[in-house]
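First the structure, in the form of structure tokens, and then the observations on it.
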Amino acid sequence: MLISTFNINGVKARLDALLAWLEAASPDIACLQEIKSQDEAFPRGPIEALGYHVETHGQKGFNGVALLSRTPPVEVLRGLPGDDQDDHSRYIEGVWQVGPRRLRVASIYLPNGNPVGTEKFSYKLAWMERLIRHAEALLATEDDLVLAGDYNVIPMPLDAANPQAWLGDALFQPESRAALRRLVNLGLADALRASTDAAKTYTFWDYQAGAWQKNAGIRIDHLLVSPEVQDRLVSVGIDKHVRGWEKPSDHVPVTIEIAA
DNA sequence: ATGCCTCACTAGGTGAGA
């Protein structure tokens with residue numbers, strides 16, 4: 001069972017790259033973020049032609065998340081619970097029946113939060129509090145749980161090529177990092193760090209200033225897994241080569257393999 | 001380095017991203 005997360009940065013602008021990656025990587029479940037598409041404009045046809053079921057939670061212009069899967073989910077939840085006033089499409093969750101077990105997978109596009117000191121940063125922190133409360137409820141279900149997505153948080157200095165360059169950024173604020181730690185400390189594992197403590201394991205390289213060419217990346221795309229999933233974790237991989245393709249997203253896919 | 005690119009929206013710049 002392969003589960004991937006990929007911030008696609010515009011699904012219509014990136015369709016060729018998405019299809020090529022799906023064909024090569026063949027994940028069982030793919031969590032997309034920043035589809036930048038309304039549901040009715042999502043290019044589901046060519047994705048379905050590759051054998052994927054499509055569930056979207058889009059909006060006009062920006063944000064938007066989706067779940068692609070080999071088999072249809074038995075349940076879908078759109079939107080992160082906890083604030084009826086929040087109209088950003090940043091969360092979609094599905095449940096799949098896998099033999100005797102229920103597997104719950106969320107595609108998360110956590111707010112960026114820049115600039116620090118504005119309502120955007122407080123929105124980020126409030127969103128993280130809602131995510132923590134929701135994750136508590138999900139862990140109580142005892143379903144197998146994978147919270148995958150673009151967290152827009154650099155967990156540790158190790159996760160940035162130039163950590164000092166991010167000190168003033170919302171992605172590396174002590175409050176952002178502490179909130180991510182509290183989420184993990186509910187009883188989840190950062191799948192990548194459960195498999196390696198290697199440096200230079202990045203998932204994002206800015207389009208600007210030759211960040212890719214200099215490997216000036218950061219690790220902000222994470223799969224947090226429940227203990228039952230961590231016990232069956234076979235491998236974790238970052239599809240770094242995708243960043244070198246024509247018209248790439250600024251993020252690359254991250255994939256976990258779970259034993260059946 | 002409060003913005004070096006890129007996308008969406010929509011036809012010229014603006015907003016958002018990280």
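Note on naming: letters A, B, ... go to the chains in the order of the sequence lines (proteins, then strands), and numbering restarts at 1 for each one.
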Response to the item:
Of the listed dC7(B), dA16(B), dA8(B), the closest approach to the Lys247(A) side chain comes from dC7(B)
Worksheet item: Taking atom P in both dT6(B) and dT10(B), what distance in whole Å separates the two?
Response: 23 Å
Worksheet item: CG/Leu188(A) to CG/Leu145(A) distance, rounded to the nearest 0.5 angstrom?
Response: 6.0 Å
Worksheet item: Is the shortest side-chain N to carboxylate O distance from Arg232(A) to Asp144(A) below 4.0 Å?
Response: yes
Worksheet item: To the nearest Å, how far apart are Gln213(A) CD and dC5(B) C1'?
Response: 12 Å
Worksheet item: Quick one: Asn63(A) CG to dC9(B) C1', roughly how many Å, whole number?
Response: 15 Å
Discussion item. What's the gap between dC7(B) and dT2(B) when it is taken at their P atoms, as a whole Å value?
Written reply: 23 Å
Discussion item. As a test of reading the structure: which of dA8(B), dG17(B), dT6(B) is closest to the side chain of Arg14(A), going by heavy atoms?
Written reply: dT6(B)
Worksheet item: Expressed in angstrom and rounded to an integer, what is the separation of Phe121(A) atom CZ from dG17(B) atom C1'?
Response: 16 Å
Worksheet item: Hey, does Lys120(A) reach any base, or is it just sugar-phosphate, or nothing, if we go heavy atoms under 4.0 Å?
Response: sugar-phosphate
Item to complete: Name the closest nucleotide to the Lys60(A) side chain, picking from dG17(B), dC9(B), dA8(B).
Response: dC9(B)
Discussion item. I need the OH-P distance between Tyr109(A) and dA16(B), as an integer number of Å.
Written reply: 11 Å
Worksheet entry | For atom CG of Asn152(A) and atom P of dA16(B), their distance in whole Å | 15 Å
Discussion item. Can you identify which nucleotide, out of dC7(B), dC5(B), dA16(B), has its nearest atom closest to the Gln208(A) side chain?
Written reply: dC5(B)
Worksheet item: What integer distance in Å separates Glu34(A):CD from dC5(B):C1'?
Response: 14 Å
Worksheet item: Under 4.0 angstrom, heavy atoms only, what part of the nucleic acid is His251(A) near: base, sugar-phosphate, or nothing?
Response: sugar-phosphate
Response to the item:
Taking for Phe204(A) and for Gln59(A) the nucleotide of DNA chain B with the nearest heavy atom, the one nearer the 5' end belongs to Gln59(A)
Worksheet item: Touch check for Arg219(A), heavy atoms < 4.0 angstrom, all strands: base, sugar-phosphate only, or nothing?
Response: nothing
Practice prompt. Check whether more than 12 heavy atoms from other residues, nucleotides or ligands sit under 6.0 Å from atom CD of Glu142(A), and answer yes or no.
Written response: no
Fill in: Lys120(A) and Asn114(A) side chains, donor-acceptor separation under 3.5 Å
no
Worksheet, complete the sentence: Separation of dA16(B) atom P from Leu110(A) atom CG, nearest Å, is 18 Å
Discussion item. By nearest atom, which of the nucleotides dG3(B), dA8(B), dG17(B) is closest to the Asp206(A) side chain?
Written reply: dG3(B)
Worksheet item: Quick one: is Arg90(A) getting a side-chain N or O under 4.0 Å of the dG17(B) phosphate, OP1 or OP2?
Response: yes
Worksheet entry | Side-chain ion pair, Arg78(A) and Glu55(A), N-O less than 4.0 Å | yes
Practice prompt. Using whole Å, report how far NE2 of His88(A) lies from P of dG15(B).
Written response: 15 Å
Worksheet entry | Salt-bridge criterion met for Arg102(A) and Glu75(A) (N-O under 4.0 Å) | yes
Discussion item. Go nucleotide by nucleotide along DNA chain B from the 5' end; which of Ile35(A) and Pro115(A) gets its closest nucleotide reached first?
Written reply: Pro115(A)
Discussion item. Taking any heavy-atom pair under 4.0 Å as a contact, classify Phe172(A): base, sugar-phosphate, or nothing.
Written reply: nothing
Item to complete: Could you check whether Asp169(A) gets within reach of a base, just the sugar-phosphate, or nothing at all, counting any heavy atom under 4.0 Å?
Response: nothing
Discussion item. Please report the distance separating the C1' of dA1(B) from the corresponding atom of dG13(B), rounded so that it comes out in whole Å.
Written reply: 23 Å
Worksheet item: Looking across every strand, which nucleic acid part, if any, lies under 4.0 Å from Asp150(A) by heavy atom: base, sugar-phosphate, or nothing?
Response: sugar-phosphate
